[in-house]
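Counting starts at 1 for both ligands and their atoms, in listed order. Each residue takes its place number in the sequence, starting with 1. Since the model is a prediction, treat every value here as computed from it, not as a measurement.
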Amino acid sequence: MGYTLSQKIIKNHLVCGEMIPGTEIGLKIDQTLTQDATGTMAYLQFEAMGIDRVKTELSVAYIDHNTLQNGFENADDHRFIQSVAAKRGIRFSRPGNGICHQVHLERFGVPGKTLLGSDSHTPTGGGIGMLAMGAGGLDVAVAMGGGTYYIPMPKTVKVELTGKLNDYVSAKDIILEVLRIMSVKGGIGKIIEYTGEGVKSLSVPERATITNMGAELGATTSIFPSDEITKAFLEAQDRGEVYTPLSADEDALYDEEIKIDLTSLKPNAAMPHMPDNVKTVEEIGQIKIDQVCIGSCTNSSLYDMLKVAAILKGKTVAPGVSLSIAPGSKQVLNMLAGNGALADMIDAGARILESACGPCIGMGQSPNSAGISLRTFNRNFEGRSGTADAGVYLVSPETAAVSALTGVLTDPTTLGKMPVINMPEKFIINDNMVLLPDSPDEAKNREILYGPNIKAVPTGKELENDISSKVLLKVGDNITTDHIMPAGAKILPYRSNVPYLSQFCFGVCDKTFPERAKKENGGIIVGGANYGQGSSREHAALVPLYLGIRAVIAKSFARMHKANLINSGILPLTFINESDYDEISQGDDIELKGIKDSVLSSADAKLINKNTGKEYSLKTDFSEREINILLAGGKLNYTAKTK
Ligand code: MIC
Ligand code: SF4
């Protein structure tokens, strides 16, 4: 029996464990990336580990999220990251150079290598055949130090693409279709592999749009084969030498199969407030829109931007619409400027933003009250745009650009033939915004520059045998990390200041939560299915830890968040009977009796609801490594102990 592509890469990087789905495996990590919103914490943790220089083949620190600089905080964090990068052997991508995933794909990604990033959209690298995964900052810090990265061995889903996309239908419509089919929890514990004839008609940036948004499926990662198209992309980036052909064996066995006929695909949109709430644009109809935002790590490549410019050329944005465009990297922006496409956008009335995450993470461009915003982004979670009652629709660049002109959600295929887009044979290569680290000798004299907003990382406490506590909060299914620890312009600058951040914890669900948590001296959270989906931000665990949360009991967890909870020393426990969720209410006093013994022996744990006297069983499915981390009260404590 042959191997799937991801199984081949896993096999080549396997440090420990067996490739049996669901059991823990350890992987060697070749490359890492961080961004600034998670990076400050990751580098604080790296510094706490006391390692001189990174041990990876390549590590890059990007500045792309916190670029508003609405005060000294962001600039201080940038300076801190820059100083650590120089000292510890990490390349530093300066603000203005672009969004981490776009730049990494262009300039650093290598087919067949493993990439671990402190950002959930790291799987963008799967567009050139990398095994690229998102993780919490601490796991990335450990990988930078040469440590193994652990995941449950994923199952493999084969998505077979047949046919060819029609004009005005694009890669975004493919991944939205996959989301419609699989849902935001359909990818948990799985790697999505794209194969079939249809793959050959998709360029690398189109493939990257698809693997990027595999994060929204909850998938461990997504991957395309590395083929002639990958080779041409790498050669155009002057990096032809890193190309290797890679694909699955003919007789590879997959756990699931999905077929999508590209020819019959129509423009799709994910409606508020979930990326899997997908209908065709035609079905949704011509709703009036207030705003269009084009960009983000999902759709900001040169190809996307050239399509948008061609649609806008010689026209004017509708009077009731604000159109903003953020090209994904300096390379993209520079090339748009060089060939006149940028002028076409500006001429049509587009508001050009810097090459950064920007509105995608609520850093500016919040829509008007109850506004309707079309975005080429990957997440439309409630409140993420910065306007609580806004409705965000996720669409392709084609749908976004055409709708910006008409002022209503418009199916772009009604326009007939798409203008021809000529992609250049070579990209402009100039890595002058990526700083190389100091030599080991120079590094000795390099000072690490901390700012006053940088506060200590909270650490957990050893696991006790009985936990008696209150259910401080009960939430439903698909709670995202944006619910738990919101981002946005007002909060994001405080990513290195957990005490300050804590005031906003769960603000989207219940503004009283932080106060109540403090008053009660912590407690327990009860959640539904897919708890903690979305980003890799470990702040969604570190802040609850700071507020005294000892355990989260849910129907199921998203992979990265579960790992972040364990790393923080918070117990993630699952209901054995999902219906037991209904019998626990917010405010109930509960007891986890003998929890330490249960965790140690991997036995079911006992939950007593003191209000009703009833008992329930909870699953404690942890690996030996996870058990040790939980007993020690988190990964930092555990690492300090085992040193
Ligand atoms: C996001 O898209 O939610 C982010 C901001 O990029 C996060 C990381 C973070 O919270 O800093 C992610 O996707 O992991
Ligand atoms: Fe940045 Fe948005 Fe991509 Fe997250 S999803 S990395 S915020 S562009």
Side-chain angles (χ1 to χ4, degrees), residues 33-42 61-68 74 77 81 93 95 98-105 116-125 132-137 139-140 175 208-209 211-216 218 221 275 293-301 304 324 326-329 332 353-365 375-381 383-386 392 394 480-489 491-496 501 504 508 532-543 558-561 563-564:
L33 70 79
T34 56
Q35 40 90 336
D36 48 334
T38 52
T40 320
M41 197 55 87
Y62 292 91
I63 305 293
D64 54 1
H65 282 62
N66 276 329
T67 56
L68 263 189
N74 291 162
D77 282 358
I81 294 174
S93 173
I99 306 175
C100 55
H101 309 304
Q102 175 67 25
V103 178
H104 208 86
L105 190 76
L116 194 69
S118 64
D119 191 280
S120 64
H121 290 104
T122 305
T124 313
M133 296 158 291
D139 284 332
V140 178
I175 185 61
T209 293
T211 57
N212 171 288
M213 250 188 115
E216 277 55 62
T221 189
C293 299
I294 298 176
S296 92
C297 57
T298 319
N299 279 118
S300 60
S301 67
D304 283 337
S324 71
S329 67
V332 173
L353 306 179
E354 72 172 312
S355 296
C357 300
C360 177
I361 193 57
M363 294 301 260
Q365 305 295 322
R375 298 178 162 211
T376 65
F377 306 167
N378 45 38
R379 291 187 173 144
N380 57 348
F381 303 144
R384 183 172 159 108
S385 67
V392 174
L394 306 175
T480 71
T481 52
D482 278 84
H483 289 102
I484 306 170
M485 198 50 252
I491 309 177
L492 215 50
Y494 298 94
R495 279 292 181 89
S496 43
L501 270 188
F504 306 98
V508 184
Q533 68 154 324
S535 83
S536 67
R537 65 185 73 145
E538 59 194 338
H539 302 79
L542 288 174
V543 174
R559 175 187 69 89
M560 285 181 283
H561 187 59
N564 287 336

Is [X] in contact with ligand 1, taking contact as a heavy-atom separation below 4.0 Å?
X: His539; value: no
X: Arg379; value: yes
X: Gln35; value: yes

What protein heavy atom is closest to [atom], reported as residue, atom name and distance in Å?
atom: atom 6 (O) of ligand 1; answer: Asp119 OD2, 2.6 Å
atom: atom 12 (C) of ligand 1; answer: Ser535 CB, 3.1 Å
atom: atom 13 (O) of ligand 1; answer: Ser120 OG, 2.5 Å
atom: atom 10 (O) of ligand 1; answer: Arg537 NE, 2.6 Å

Would a distance-only check, ignoring hydrogens and angles, find a side-chain to backbone donor-acceptor pair under 3.5 Å from [X] to [Y]?
X: Arg375; Y: Pro359; answer: yes
X: Thr376; Y: Gly295; answer: yes
X: Thr38; Y: Ser118; answer: yes

Could you tell me which atoms of ligand 1, counted from 1 in the order shown, lie closer than 4.0 angstrom to a heavy atom of His65?
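Near His65, the atoms of ligand 1 are 4 (C), 5 (C), 6 (O).
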Need the ligand 1 atom indices (1-based, order shown) with element for anything under 4.0 Å from a heavy-atom of Ala37.
11 (O)
Answer yes if the side chains of [X] and [Y] hold a donor-acceptor pair under 3.5 Å, and no otherwise.
X: Asn212; Y: Asn378; value: yes
X: Thr40; Y: Ser496; value: no
X: Asp119; Y: His101; value: yes

Please report the shortest heavy-atom distance between [X] and [Y], naming the atom on each side.
X: Cys297; Y: His121; answer: SG-CB, 3.9 Å
X: Ile361; Y: Ala487; answer: CD1-CB, 3.4 Å
X: Ala37; Y: Arg495; answer: O-NH1, 3.1 Å

To the nearest 0.5 Å, what is the distance between [atom1] ([X]) and [atom2] ([Y])?
X: His561; Y: Glu538; atom1: NE2; atom2: CD; value: 11.5 Å
X: Ser536; Y: Gln35; atom1: OG; atom2: CD; value: 6.5 Å
X: Thr67; Y: Asp36; atom1: OG1; atom2: CG; value: 7.5 Å

In order of chain and number, which residues sit within 4.0 Å of ligand 2 by heavy atom?
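The answer is His65, His101, Asp119, His121, Ser296, Cys297, Cys357, Cys360, Ile361, Asn378, Arg384, counting any residue whose heavy atom sits under 4.0 Å from ligand 2.
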Less than 3.5 Å between some nitrogen or oxygen of Ser536 and one of ligand 1, yes or no?
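Checking ligand 1 against Ser536, an N or O pair does fall under 3.5 Å apart.
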Where's the contact between Ile361 and ligand 1, heavy-atom distance under 4.0 Å: side chain, backbone, both or neither?
side chain
What part of Arg384, side chain, backbone, both or neither, has a heavy atom within less than 4.0 angstrom of ligand 1?
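It is the side chain that touches ligand 1; the backbone stays farther off.
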